[in-house]
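Please read the structure below before turning to the comments.
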Amino acid sequence: MKKRAELVFVPAPGMGHLVPMVEFVKHLLDTDERLSVTILVIKPAFSPAVHTYTQALDTANTNTRIRYIHLPHVETPPPEQLPKSPEKLFSDFLESYKFHVESAITDHVLSSSFVELAGLVVDFFCSAMIDVANKFGVPSYIFFPSNAAFLGLMLYLPDRHTQIESEFNKSDPDYSIPSYANPVPACVLPSVLVNEHGGYTSFLNHARRFRESKGIIVNTFAELESYAMNSFSLEALPVYTVGPLIDLIGQARVQSDDRDKIMKWLDEQPPSSVIFLCFGSFGSFSPAQLVEMASGLEQSGIRFLWSIRLPPQKDILAMPSDCDEDDYEDVLPDGFLKRTKGRGMVCGWAPQVEVLAHKAVGGFVSHCGWNSTLESLWFGVPIVTWPIYAEQQINAFEIVRELGLGVELRLDYSGNTFGNVGDSGDLVTAAEIERAVRCVMDTENVVRERVREMGEKSRKALVDGGSSFASLVCLVEDMLGNN
Ligand SMILES: O=c1ccn([C@@H]2O[C@H](COP(=O)(O)OP(=O)(O)O[C@H]3O[C@H](CO)[C@@H](O)[C@H](O)[C@H]3O)[C@@H](O)[C@H]2O)c(=O)[nH]1
């Protein structure tokens, strides 16, 4: 019997990384039945939602060609020994799993007489796992869950570093970066590239390692980011566009107590009348900012669904937490919930994909995480940009200035760490929020039509004859050694 080609996936344990990777696995297996996949699950040090998601995936898995292996837990150093940069912390944490990844492959894949190890696919934060692939003499591929333009910035880092051996500077004039059509203001660069607490060097090292891989798999589609994709034309490394990778049903498995209440409330609202506010895995705001948001929403008179999460304590490993009813009363202006009763709803973790799919939702105030961006495009819901952390500022810049697919609230708003927002003193005022919300909900707004058209293109990209479908076929050929 001919052995199956087995790919081992190493995801990063964050919803924004894991969900698109699992979705990619499903597309990959649908493309070629000679493939099978083992996903090595790293228990997150930070995110309970990820833990629930992976447990649920595992129990609900009916595909005999996907197998989940949960790796043993690795202790993180005590808080006082942790690096200051969250990105370096995350990269170091993942690198500490190298030994377990190697053992899992030896014990579960190489020991099988039915499969042959064909390669490793690793999240970009796990670039250190390329060493494991090299040890076994198989190719590695980088999985990049963000966009092609940001990938271009990553690939530009090593080239730039040979000329300017230091991090970027926020007071510099605009930068010319090959994957962006317009000059990029320094204020929208990811803070990891600006503040050297080990984060810049860690990203530089990831980017250097990308070129040791056999190709980069990016969660986008050619029609959306044609400029960025063209900027790779001289790049020796193949870049495969396989998106949008959206989990249209699975995320419902992440139980949210509020889910039924939210969906019932949306069912009662008129079409395209509700603005949805949600800020990803780590997005949270200071009490002062929440007051401005509440006032802006109240003054706008527009119906709203608002996912609120409280800032974590000053601990780099802490996550923002969901609120209970009393917490909302404590953090929102006096009487706000009473005055907006019926036309507004607040909740904790939201079933975002289901919400964006609902006909009552007409706009989305988002932190511009790339998955949220692709989900909103898919359902034709225009975004108001409120970036907070990671690469979200440069995503907001791309959405508004490069692609014309969003309404600008802020491009350069920034939280200090993951979700520890508000200390910087940068407050978005109620008036700004009211203006942006009214603007995006205006049915005459040209952005709405552009988003709808791009949403249609996103769906076409994935089906037979579409750009991402074709790219995936090329990738599979490469993985099976037919190129
Ligand atoms: O209340 C919530 C909040 C989030 N989500 C889902 O969680 C995912 C969030 O992903 P994303 O929008 O990409 O944000 P992050 O979780 O913050 O993702 C990280 O990873 C992304 C991909 O690399 C980056 O673009 C982000 O900046 C980075 O913070 C999406 O699928 C959402 O639908 C929910 O379902 N409910």
Side-chain angles (χ1 to χ4, degrees), residues 11-24 44 46-50 52-53 86-87 90 123-126 142-151 153-154 188 190-192 203 206 217-220 243-259 262 276-284 305-309 319-323 346-357 361 364-379 381 383 385-399 414-415 417-419 421:
M15 289 299 276
H17 291 245
L18 180 64
V19 175
M21 192 185 244
V22 169
E23 209 49 35
F24 171 63
F46 332 96
S47 171
V50 172
T52 321
Y53 177 77
E87 291 83 0
F90 199 41
D123 185 274
F124 91 83
F125 270 107
C126 304
I142 298 291
F143 180 81
F144 199 79
S146 191
N147 51 74
F150 178 51
L151 170 63
L153 169 56
M154 291 291 288
V188 303
S191 60
V192 62
F203 262 43
H206 284 305
I217 301 158
V218 57
N219 185 11
T220 192
L245 299 165
I246 300 174
D247 185 357
L248 292 170
I249 37 174
Q251 276 190 44
R253 293 191 204 108
V254 177
Q255 279 314 313
S256 141
D257 295 341
D258 292 339
R259 185 195 164 273
I262 292 169
F276 173 48
L277 299 92
C278 191
F279 302 89
S281 309
F282 297 100
S284 61
L305 172 63
W306 181 10
S307 164
I308 302 182
R309 307 173 74 219
M319 285 286 293
S321 52
D322 285 345
C323 301
V346 292
C347 63
W349 183 268
Q352 181 169 301
V353 170
E354 283 181 275
V355 169
L356 290 170
V361 174
F364 180 24
V365 182
S366 169
H367 71 317
C368 306
W370 191 243
N371 296 283
S372 295
T373 305
L374 292 175
E375 289 161 11
S376 75
L377 286 177
W378 181 272
F379 294 109
V381 179
I383 276 186
T385 59
W386 192 331
I388 304 178
Y389 52 94
E391 89 300 17
Q392 293 151 18
Q393 290 79 15
I394 203 163
N395 292 352
F397 171 78
E398 185 182 19
I399 294 166
S414 169
T417 58
F418 278 145
V421 177

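Counting convention: from 1, in listed order, for ligands and their atoms alike.
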Does [X] have a heavy atom less than 4.0 Å from any atom of ligand 1?
X: F282; value: no
X: A350; value: yes
X: F279; value: no
X: H367; value: yes

message = I want to check something: taking the side chain as every heavy atom from C-beta on, are D247 and V22 in contact at a cut-off of under 4.5 Å?
response =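 No; the side chains remain at least 4.5 Å from each other.
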- Query: F379 versus V361: any side-chain heavy-atom pair under 4.5 Å?
  - Reply: no
Judged on heavy-atom distance to [atom], which of [options] sits nearest?
atom: atom 11 (P) of ligand 1; options: I388, N371, N147; value: N371
atom: atom 31 (O) of ligand 1; options: H17, Q352, E375; value: E375
atom: atom 16 (O) of ligand 1; options: G16, S281, P351, G283; value: S281
atom: atom 25 (O) of ligand 1; options: E391, Q393, R309; value: E391

Backbone of [Y] reached by a side-chain donor or acceptor of [X] within 3.5 Å:
X: H206; Y: F124; answer: yes
X: N371; Y: G16; answer: yes
X: S307; Y: L277; answer: no

Parallel, tilted or perpendicular for F90 and H17, by the 30°/60° rule? perpendicular
*Kindly assign one of parallel, tilted or perpendicular to the pair F150 and F144, based on the angle between their ring planes and the thresholds 30° and 60°.*
tilted
field: ligand 1 contact on A390 by region, counting heavy-atom pairs under 4.0 Å
entry: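 It is the side chain that touches ligand 1; the backbone stays farther off.
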Report task. Classify the contact between C278 and ligand 1 as side chain, backbone, both or neither, using a heavy-atom distance cut-off of under 4.0 Å. Result ->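 Within the 4.0 Å criterion, C278 contacts ligand 1 through side-chain atoms alone.
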_Just verifying a value: how many Å separate I399 CD1 and W370 CH2, rounded to the nearest 0.5 Å?_
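Between I399 CD1 and W370 CH2, I get 6.0 Å after rounding to 0.5 Å.
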In ligand 1, which numbered atoms sit nearer than 4.0 Å to a non-hydrogen atom of [X]?
X: Y389; value: 17 (O), 29 (O)
X: S372; value: 11 (P), 12 (O)
X: W370; value: 13 (O), 24 (C), 25 (O)

Quick check: F125 with F203 (ring centres under 6.0 Å apart)?
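Between F125 and F203, which both carry aromatic rings, the centre distance is below 6.0 Å.
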